[in-house]
Amino acid sequence: MRYALIGCGRISPHHITAARNNNLEIVGVCDIDINKLETAATLLEHVHQYTDYKMMLEMERPELVAIATESGKHASIAMDCIRMGCHVIIEKPLALSLEDADQIIQLAKQKGVLVCVSHQNRFNKSIQYIHNAIEQGRFGKIFHGSACVFWNRNQKYYEQASWRGTWEQDGGALMNQCIHNIDLLCWLMNSEAAEVFAYTANLRHPYIEAEDLGLALVKFQNGSYGVIQGTTNVYPVNLEESLTLFGETATVKVGGKSVNEILEWKVADAQDDPENIKLKFSETPPNIYGYGHTPLYADMIDAIINKRQPLVNAEAGKRAIELILAIYQSATLGMPVKLPLLKGNTIYFKGQFENE
Ligand SMILES: NC(=O)c1ccc[n+]([C@@H]2O[C@H](COP(=O)([O-])OP(=O)(O)OC[C@H]3O[C@@H](n4cnc5c(N)ncnc54)[C@H](O)[C@@H]3O)[C@@H](O)[C@H]2O)c1
């Protein structure tokens, strides 16, 4: 399958590795920044390089394109790729507005192509095992879930790329860092968020526009509840990304730096040995991005071949951003907000923390 990559920044090596591991034919790579392009090219000998992605799409006619540019550009680039008939893997978040998310969903349907969003943690061994156990009914009703991202992002990280932490191109701790765990919470609770109440703040990063702390309470349509704590303020380095699920017949916690270690496995049916589960389904990847891009690509390729939806499709990507936009809205209004939202866009929150 002919594959091309748009955006050769920090996350791009994970896409290149995933493409290689899945035997994709890498036909083109594109970045508007020549230095980034040249760095990527050292990993990609004989692959055609472009500084204009539209030209690359014309010349190379890829069947599958990955988009790993700054978040605020995902939607317009994705729509250009979809119009050209390409399937797309879009880095998270899918888009920064609901309008753009809906347009991507509609256009992909019209063009008969698939959209996958890089919420790769769904493919962590730990998360897959938990999901299967939930599907088998082993947790009973899940009463509440708690999603925590306690990470550190310092000034150096934000200075690496001027788009980070801006409302127009990124959002803050929730939209950038915590979104993976928010996706997992929604997926594992297996319900749509119905209402949210939240606080957000910028306490430690005066040089960015968006929040560095988000605290939210979520009520799901199925009567379950969720708690979200996402921050990039943690001293001095990343502490944990964890998810704890409290079910009728199970209490399970997955943690580590990035939801890759099963820390608690208390399941009433005692079908498996908790110590064995903790060992067998825990991983220690070299960084927080984990090993998930390769299986996410494998799932998307299989979806294309077998004409089915990928596990993390555009609707799933929209669900995560809609909840975050509702959190932003609730924090701004100081009151609970009901979902689905009629509209939502990170740029509505421009200036929110200016006087703090
Ligand atoms: N899935 C994950 O775990 C994960 C981790 C990190 C980042 N991300 C996401 O990946 C995206 C990129 O993040 P990053 O940290 O790699 O950013 P980055 O700034 O390091 O890289 C983005 C690159 O895109 C390039 N670019 C911008 N506009 C372009 C265009 N029109 N055509 C071609 N290239 C263009 C930039 O020049 C830059 O090199 C973001 O949306 C981010 O949220 C996901």
Side-chain angles (χ1 to χ4, degrees), residues 4-18 28-41 43 48-57 60 62 65-81 88-96 100 116-124 127 149 151 153 156-166 168-184 210 230 232 238 241 257-260 285-297 300 312 316-317 320-321 324 346:
L5 173 64
I6 303 174
C8 298
R10 195 174 142 110
I11 197 63
S12 64
H14 294 264
H15 287 271
I16 294 169
T17 303
V29 62
C30 174
D31 200 298
I32 50 173
D33 178 333
I34 292 283
N35 294 328
K36 298 277 181 63
L37 192 55
E38 282 174 357
T39 308
L43 301 173
H48 294 153
Q49 297 167 33
Y50 293 85
T51 51
D52 177 341
Y53 72 86
K54 289 185 183 165
M55 169 100 75
M56 177 174 77
L57 298 179
E60 304 296 340
V65 178
I67 299 163
T69 62
E70 42 265 55
S71 306
K73 293 184 178 176
H74 291 176
S76 61
I77 296 179
M79 285 191 266
D80 284 336
C81 293
V88 285
I89 295 175
I90 306 176
E91 257 308 340
K92 58 77 189 163
L94 169 67
L96 293 181
D100 280 346
C116 166
V117 185
S118 276
H119 286 302
Q120 76 273 7
N121 289 347
R122 285 199 193 190
F123 295 89
N124 289 0
I127 300 295
V149 176
W151 281 356
R153 289 293 177 275
K156 203 169 141 221
Y157 163 83
Y158 290 102
E159 282 171 356
Q160 276 170 359
S162 58
W163 62 271
R164 292 193 182 133
T166 62
E168 211 161 295
Q169 293 295 325
D170 191 13
L174 294 175
M175 189 61 95
N176 188 321
Q177 283 79 23
C178 198
I179 191 167
H180 287 298
N181 219 10
I182 288 173
D183 168 64
L184 292 180
T232 46
N238 291 344
E241 177 179 357
K257 292 280 192 293
S258 187
V259 284
N260 30 39
N287 54 52
I288 51 160
Y289 308 134
Y291 301 120
H293 280 88
T294 291
L296 178 123
Y297 268 57
M300 177 62 163
V312 199
I321 64 167
I324 295 167
T346 51

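Values reported hereafter were calculated over all heavy atoms of this structure, with side chains retained and with hydrogens, waters and symmetry mates removed. Ligands are counted one by one from 1 in listed order, and the atoms in each one are counted from 1 as well.
In summary, the atoms of ligand 1 found under 4.0 Å from a heavy atom of Ile6, numbered by their order in the structure, are 32 (N), 33 (C). The atoms of ligand 1 that sit less than 4.0 Å from any heavy atom of Ala161 are 19 (O). Atoms of ligand 1 found under 4.0 Å from any heavy atom of Cys30, numbered from 1 in the order shown, are 33 (C), 34 (N). Under a 4.0 Å criterion applied to the non-hydrogen atoms of Asp33, ligand 1 contributes the atoms 37 (O). Those atoms of ligand 1 that come under 4.0 Å of a heavy atom in Ser118, given as number and element, are 1 (N).
The closest protein non-hydrogen atom to atom 40 (C) of ligand 1 is Thr69 O, 3.4 Å. Closest to atom 20 (O) of ligand 1 among all protein heavy atoms lies Arg10 N, 2.9 Å. From the protein, the heavy atom lying nearest to atom 17 (O) of ligand 1 is Trp163 CZ2, 3.3 Å. Among protein heavy atoms, atom 3 (O) of ligand 1 sits closest to Gln120 NE2, 2.8 Å. Considering only non-hydrogen protein atoms, atom 9 (C) of ligand 1 sits nearest to Lys92 O, 3.6 Å. When only non-hydrogen protein atoms are considered, atom 39 (O) of ligand 1 lies nearest to Asp31 OD2, 2.6 Å. Summary of contacts: the protein heavy atom closest to atom 21 (O) of ligand 1 is Gly9 CA, 3.2 Å. Regarding atom 30 (C) of ligand 1, its nearest protein heavy-atom neighbour is Ile32 CG2, 3.8 Å.
By the salt bridge (Lys or Arg N to Asp or Glu O under 4.0 Å) test, Arg122 pairs with Asp183, sequence neighbours left out. Under the salt bridge (Lys or Arg N to Asp or Glu O under 4.0 Å) criterion, Lys73 pairs with Glu70, not counting sequence neighbours.
Residue-level proximity to ligand 1 for His180 is carried by the side chain, the only part with a heavy atom below 4.0 angstrom. Contact annotation: for His74 versus ligand 1, heavy atoms closer than 4.0 Å belong to the side chain alone. When heavy-atom distances to ligand 1 are checked against a 4.0 Å cut-off, Glu91 comes that close only through its side chain, counted from C-beta outward. At a 4.0 Å heavy-atom cut-off, ligand 1 touches Ser71 through backbone and side chain alike.
Checked by atom type and distance alone, the side chain of Asn124 pairs as donor or acceptor with a backbone atom of Val259 at under 3.5 Å. A donor-acceptor pair under 3.5 Å links the side-chain atoms of Asp31 to the main chain of Cys8, judged by distance alone. For the pair Asn260 (side chain) and Ser258 (backbone), a donor-acceptor distance under 3.5 Å is present. Between the side chain of His74 and the main chain of Pro93, a donor-acceptor pair closer than 3.5 Å is present. With hydrogens and angles ignored, the 3.5 Å screen pairs no side-chain donor or acceptor of Trp163 with any backbone N or O of Glu168. For the pair His119 (side chain) and Leu184 (backbone), a donor-acceptor distance under 3.5 Å is absent.
Between the side chains of His48 and Glu60, a donor-acceptor pair is found at a separation under 3.5 Å.
The closest approach between any non-hydrogen atom of Arg164 and ligand 1 is below 4.0 Å. The shell of residues lying under 4.0 angstrom from ligand 1, judged by heavy atoms, excludes His14.
Shown here for Ile6 and Cys81, the closest heavy-atom pair between the two residues is CD1-SG, 3.9 Å. A pairwise comparison of heavy atoms in Ala66 and Tyr297 identifies CB-OH, 3.3 Å as the closest pair.
Taking the six-membered ring for Trp and thresholds of 30 and 60 degrees, Tyr289 and His14 have ring planes more than 60 degrees apart, a perpendicular arrangement.
Checked by distance only, ligand 1 and Tyr53 stay at 3.5 Å or farther apart across all their nitrogen or oxygen atoms. At least one N or O atom of Ile11, backbone or side chain, sits closer than 3.5 Å to an N or O atom of ligand 1. Looking at Lys73 next to ligand 1, an N or O pair under 3.5 Å apart turns up.
Around atom NZ of Lys92, more than 12 heavy atoms belonging to other residues, nucleotides or ligands sit under 6.0 Å away.
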